[in-house]
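Data block below; observations after.
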Amino acid sequence: MFLNNFVTVAKKRRMGGFLRSWGVSGTSDETSIGNGVYRRTMPEMFLLRFMQIDPHWLNFFFGKHPETTDLTTLRMPRTYEEELKFIERVSPVQFRIKKGFVPNMNVEGTFFVNKTLENLSSRSWNTRVYRERRFIASCCWAFHRASRSEIGNIAAFDVSNPDAVVSPGGVGFDINCGVRLIRTNLSERDVAPYKEEVAQSLFDHIPVGVGSKGINKCINPINAKNFEECFEMGMDWTLREGYSWPEDKEHCEEYGRMVQADASKVSTRARKRGLPQLGTLGAGNHYGEVQVVDEVYDEYAAAKMGIDHVATDSLVSMEKAMARDNIRVNDRQLACARINSQEGQDYLKGMAAAANFAWVNRSCMTFCVRQSFAKIFNSTPDDLDMHVIYDVSHNVAKMEEHWVDGKPKQLCVHRKGATRAFPAHHPLIPVDCQLTGQPVLIGGTMGTCSNVLTGTEKEMAETFGTTCHGEPCPEQLRVELSDSNRCWRV
């Protein structure tokens, strides 16, 4: 989506990997279930459109909270051509959604799509995307379906404005889901004879799937006190325990720790789910792979690189805060609270704790990866030059300074399924990346190429220093699984 704004550094070809499962996919007029396709009937399509126009339609019919329903929206939906009048093309890849597309829009919405995706998009898919942007714009803020805030959305709120909000739905439920890239000094020729052994060793060391046991099984047992420290300390905990190298922290966003984290804001239910899963890969579209550098587009930059459910727990309290502060949104999944309210601050502290947990998790997996390679190649991780190139975060809200209307402003930037991409000379990127820009890791479909990019100045003005995050595609994955040149563990 946003790739035209970035310098491509290297493309990485997949050699193999492992994952657990993938979910149901679909568009607004058909849904894939397994290998079959279920097509919706016209009455169903009308009902779905009706629900999209007003998410409170059930309340209207059943007499619940009629004051939340705008009766002017309970009309026949606009035609596709009428809706397109609200969409303005700004550039070959940038579009603007004008205010008035739906009620309560406070700002215009912007989205990016290249020509290939634009041509592939059906009318219903386009309309779906436009509608998701309008829901966010009414809240004052790589397309694929999620909750009302789609994957790839960015929302920024002026912290100095007392009405500014923070929204768990704008952050996402899988807080700090990210990508970490580790290099080695091995060549493809070195690894090729051991592909099966490497894949099996990684699979043995890193548990995958819902309910798998992590650090307690593979490394050392951890008690409740240590678990609390994981939330508070982030990668400082893994550094203290010997699971990380000191330089790993330098190549992570926020240096692997959000200092405002407060473990007491993480619910008991979330803790009980998270404790046994520390050090696991997870399920869904999470995967680990061994790749080889296939093409290099920027020799200098490539040389420099060496080439949870906190959101769920917050929704209830935020809905109460919305009622108290008279905040109205077009969809309850965008429930929010004033940033400076007790509810807003509690969420930000709990979110930071969850983000620290994610960095600890990826650091524990990094430890396991290093041990796996050391075992297979009869060497040490240090001799194999297994340094972290960078670790990017998705699904997080951060306080950042950006230029708005010619003035620097402190913003609370929500990135849901989106990747931070800061340019060269930015103070928040590592020293050894100051001349190239932040490494930006874009994972593709498992079994196809990924990209390592660097941020530029252009996106700072257009997307608050943000790009897409990549997305595994189940349809392509089924084809790639048949490739005999790759080694898989599922």
Side-chain angles (χ1 to χ4, degrees), residues 16-20 176-186 191 194 197-209 212-223 225-257 274-283 286-291 305-306 308 354-393 430 439 441 443 489:
F18 54 99
L19 76 167
R20 184 62 181 177
N176 197 6
C177 166
V179 181
R180 178 171 293 195
L181 178 61
I182 306 168
R183 74 187 186 209
T184 77
N185 57 13
L186 298 168
V191 178
Y194 303 99
E197 291 90 337
V198 169
Q200 187 61 50
S201 181
L202 291 172
F203 191 73
D204 291 340
H205 280 79
I206 304 175
V208 300
S212 56
K213 304 295 182 182
I215 191 171
N216 289 317
K217 173 184 175 183
C218 300
I219 310 180
N220 292 317
I222 121 178
N223 55 34
K225 180 176 182 295
N226 286 336
F227 193 51
E228 188 101 353
E229 291 175 343
C230 289
F231 285 118
E232 302 278 358
M233 298 175 63
M235 283 187 64
D236 286 335
W237 182 85
T238 61
L239 184 60
R240 187 190 73 184
E241 298 297 318
Y243 299 134
S244 293
W245 296 353
E247 54 268 36
D248 290 350
K249 276 172 50 68
E250 300 297 319
H251 295 87
C252 288
E253 291 186 23
E254 308 297 319
Y255 300 99
R257 180 183 184 181
L275 177 58
Q277 296 185 40
L278 187 62
T280 67
L281 186 62
H286 298 173
Y287 58 87
E289 291 186 313
V290 179
Q291 305 180 2
M305 295 180 194
D308 139 15
N356 287 345
F357 176 87
W359 279 310
V360 171
N361 190 53
R362 291 200 286 277
S363 296
C364 290
M365 287 191 286
T366 299
F367 176 83
C368 293
V369 168
R370 286 168 172 161
Q371 298 308 307
S372 296
F373 271 75
K375 178 181 178 180
I376 295 297
F377 295 99
N378 193 28
S379 185
T380 66
D382 191 48
D383 287 339
L384 292 173
D385 195 30
M386 297 189 70
H387 291 273
V388 173
I389 292 178
Y390 207 66
D391 179 296
V392 298
S393 300
L441 313 178
R489 296 296 185 275

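On a predicted model such as this, the values are computed, not experimentally measured, just so you know. Along the sequence shown, residues are numbered consecutively beginning with 1.
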What is the distance from atom [atom1] of [X] to atom [atom2] of [Y], rounded to the nearest 0.5 Å?
X	Y	atom1	atom2	result
Asn226	Leu278	CG	CG	10.0 Å
Asp391	Glu254	CG	CD	11.5 Å
Cys252	Glu247	SG	CD	11.5 Å
Ile206	Cys368	CD1	SG	5.5 Å
Trp359	Ser244	CH2	OG	12.5 Å
Met386	Thr366	CE	OG1	8.5 Å

Pairwise side-chain contact, [X] with [Y], heavy-atom cut-off 4.5 Å (strictly under):
X	Y	answer
Arg257	Met235	no
Glu229	Arg240	yes
Pro439	Leu181	no
Phe377	Val191	yes
Leu239	Met233	no
Trp237	Tyr243	yes
Arg180	Ser363	yes
Thr238	Phe367	no

Run the salt-bridge test on Arg370 and Asp248 with the 4.0 Å N-O cut-off and return the result as yes or no.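 Between Asp248 and Arg370 there is a salt bridge, with a charged N closer than 4.0 Å to a carboxylate O.
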Could you tell me which non-hydrogen atom of [X] sits nearest to which non-hydrogen atom of [Y], and how far apart they are?
X	Y	answer
Val360	Gly234	CG2-O, 3.2 Å
Glu250	Tyr255	OE1-CE2, 3.6 Å
Gly288	Leu281	N-CD2, 3.7 Å
Arg362	Asn176	NH1-O, 2.7 Å

Go through the steps for Val198 and Leu202 under the test side-chain contact (heavy atoms from CB on, under 4.5 Å), then give the verdict. CA-CA 6 Å; Val198 169; Leu202 291 172; 3.9 Å; yes
Applying side-chain contact (heavy atoms from CB on, under 4.5 Å), can you list everything that pairs with Val179, at least two apart in sequence or on another chain?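 Listed in chain order: Val392, His394, Leu441.
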Could you go through the side-chain contact (heavy atoms from CB on, under 4.5 Å) check for Val290 and Phe373 one step at a time? CA-CA 11 Å; Val290 179; Phe373 271 75; 4.1 Å; yes
Listed by chain and number, what are the side-chain hydrogen bond (donor to acceptor under 3.5 Å, both in side chains) partners of Glu228, not counting sequence neighbours?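 Testing Glu228 for side-chain hydrogen bond (donor to acceptor under 3.5 Å, both in side chains), a comparison that skips the adjacent residues, returns Arg271.
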In chain order, what residues pass the side-chain hydrogen bond (donor to acceptor under 3.5 Å, both in side chains) check against Thr380, with sequence neighbours excluded?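 Counting only residues at least two positions away or on another chain, Thr380 forms a side-chain hydrogen bond (donor to acceptor under 3.5 Å, both in side chains) with Asp383.
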I need the single residue from Thr184, Asn185, Ile182 that forms a side-chain contact (heavy atoms from CB on, under 4.5 Å) with Asp385. Which is it?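 That would be Asn185.
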